[in-house]
Amino acid sequence: MDFDDDAPPELVDTTTNDAPEELRVKVPITIVTGYLGAGKTTLLNYILTAQHGKKIAVIMNAVDIEKSLTVNKGDEQVEEWLEVGNGCMCCSVKYDTTEPSGEVTNSLRDTGVNAIETLMEKKGAFDYILLETTGLADPGNLAPLFWVDDGLGSTIYLDGIVTLVDAKNILRSLDDPSGKVEGHEDHEDHDDHGPLMTTAHVQISHADVIVINKADMVSERELSLVRARIESINGLAKIHVTEQGVVPQLEGFLLDLHAYDQFNESEASAKGHSHLDPTISTVTIPVGRLRPGQLDDVDRWLRAVLWDAKLPAAEEANTFEIHRCKGRLVFDNGDVKILQGVREIFEINDAPVDVDQETPVEGKIVLIGKNVAGVDFERSFQQAVN
Ligand SMILES: Nc1nc2c(ncn2[C@@H]2O[C@H](COP(=O)(O)OP(=O)(O)OP(=O)(O)O)[C@@H](O)[C@H]2O)c(=O)[nH]1
Ligand SMILES: [Zn+2]
């Protein structure tokens with residue numbers, strides 16, 4: 001199919017304008033992050049040229065005022081420019097520190113969402129949106145932009161975060177003081193002490209899928225060291241190994257991740273309790289069956305841990321910082337709820353009804369963050385919920 005140079009790409013409009021708002025199909029957005037040169041562009045180019053019959057909008061290198069947007073249709077590619085208002089999409093997102101919740105204010109959140117919605121109004125909807133961040137982006141700042149409450153009536157939703165790592169350089173990046181990131185806003189006082197936290201750390205800790213790329217550059221042994229270090233940082237993410245970003249399929253690797261609305265048992269399969277990384281690790285808190293009335297206790301405990309970065313009733317101050325949390329809460333009346341959190345923001349929603357699956361007997365909460373090793377979250381949780 002040919003494109004007229006001047007004509008906009010004719011994408012099929014799946015959001016028929018006369019359809020009621022709530023019937024519109026929401027478009028998933030995947031954030032693709034990874035350290036400088038890890039292979040993000042290589043991966044996205046591979047996706048744009050792979051035959052998959054899907055309309056995928058790829059927003060490359062989201063750093064300039066105007067973002068280059070490549071729309072893929074069949075074997076044609078069309079460049080578009082996406083305006084996102086005031087400057088860098090990731091840097092313009094700031095937490096409102098006057099809100100105890102640290103919630104991103106709606107106006108800032110709207111920046112990224114509106115830009116994409118405007119584009120879809122002009123061009124018709126996409127099946128998927130992939131957003132490549134700059135190599136130095138902290139996905140914890142970007143995710144809340146697209147993690148929008150249903151109530152806001154957005155036409156897009158955050159499907160998940162994919163982090164690429166360069167198999168050859170990742171271990172060095174994790175130990176390189178020049179890659180140090182500033183502490184997140186409310187914990188700056190702890191920043192000069194404690195173990196080194198690099199950009200590579202925050203990109204791995206927030207990931208739902210980690211692609212270890214450039215496998216051709218390392219030996220089997222090096223690769224297993226890389227994998228072990230990554231698993232010890234983030235015990236929730238699915239890990240894939242690739243060369244030239246060639247993933248065997250898109251679903252589950254980059255698309256259809258449902259990382260922000262589901263909690264799959266396999267993901268949280270306890271991968272042991274290693275502390276290979278001195279900075280960030282994953283802890284799992286087993287949660288027995290709860291009474292419906294205990295939801296408030298869980299909520300209060302999470303607010304203390306995520307908003308105040310402290311255990312309720314703890315004598316000593318902690319210095320932990322939670323980047324990602326996920327969980328499943330099982331209630332004795334049969335209800336199942338899913339916990340999702342990124343940094344200070346969290347949500348507890350009813351689990352999607354899955355007729356094939358039996359109601360799980362027990363719940364769990366998984367926390368990924370800085371300085372969490374050695375903190376007795378489990379005991380604190382048991383005390384708070386009773
Ligand atoms: N040996 C090898 N090289 C690769 C592989 N994947 C990508 N590269 C090369 O690595 C370099 C960086 O790849 P990019 O895709 O530009 O990486 P990026 O993450 O987009 O880089 P920035 O946008 O600069 O952060 C390029 O020269 C790629 O050709 C791989 O699997 N093996
Ligand atoms: Zn930025």
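If you're wondering where the values come from, they're calculated on a predicted model, not measured in any experiment. Any value given below was found using the heavy atoms of this structure, including those in side chains, with hydrogens, waters and symmetry copies removed. In listed order, ligands and their atoms are each counted from 1.
- A salt bridge is absent between Arg289 and Asp332; no separation between the charged side-chain nitrogens and carboxylate oxygens falls under 4.0 Å.
- Between Asp159 and Lys26 there is no salt bridge, since none of the side-chain N atoms of the basic residue sits less than 4.0 Å from a carboxylate O of the acidic one.
- Here Thr41 has heavy atoms under 4.0 Å from ligand 1 in both its backbone and its side chain.
- Relative to atom 22 (P) of ligand 1, the option among Gly245, Ala167, Ala215, Gly37 with the closest non-hydrogen atom is Gly37.
- For Thr133 and Thr33, the side-chain atoms include at least one donor-acceptor pair closer than 3.5 Å.
- Every atom of ligand 1 is numbered from 1 in the order shown, and the set under 4.0 Å from a heavy atom of Ala38 is 17 (O), 19 (O).
- For the atom pair CG of Asp297 and CD of Gln383, the computed distance is 12.5 Å after rounding to the nearest 0.5 Å.
- Here is the list of ligand 1 atoms found below 4.0 Å of a heavy atom in Met217: 1 (N).
- Geometrically, ligand 1 and Thr242 share no nitrogen or oxygen pair separated by less than 3.5 Å.
- For ligand 1, the atoms lying closer than 4.0 Å to a non-hydrogen atom of Asp216 are 1 (N), 2 (C), 30 (C), 31 (O), 32 (N).
- For ligand 1, the polar-atom distance check finds no N/O of Gly34 at less than 3.5 Å from any of the ligand's N/O atoms.
- In summary, Arg303 and Asp299 engage in a salt bridge, as defined by a charged side-chain N under 4.0 Å from a carboxylate O.
- Note on ring orientation: taking the six-membered ring where Trp is involved, the planes of Trp307 and Phe346 are tilted (angle from 30° to 60°).
- The side-chain tip of Arg324 points at the ring of Tyr260 from less than 6.0 angstrom away and within 45° of straight on.
- The existence of a salt bridge linking Asp138 and Arg343 is confirmed by a sub-4.0 Å separation between a basic side-chain nitrogen and an acidic carboxylate oxygen.
- Which parts of ligand 1 touch Leu36 is read off a 4.0 Å heavy-atom cut-off, strictly below it: atoms 25 (O).
- Residue Glu243 places no N or O, backbone or side chain, under 3.5 Å from any N or O of ligand 1.
- Close approach to Glu132 involves these atoms of ligand 1, each under 4.0 Å from a residue heavy atom: 20 (O), 23 (O).
- The closest approach between Lys168 and ligand 1 stays at or above 4.0 Å for every heavy atom of the residue.
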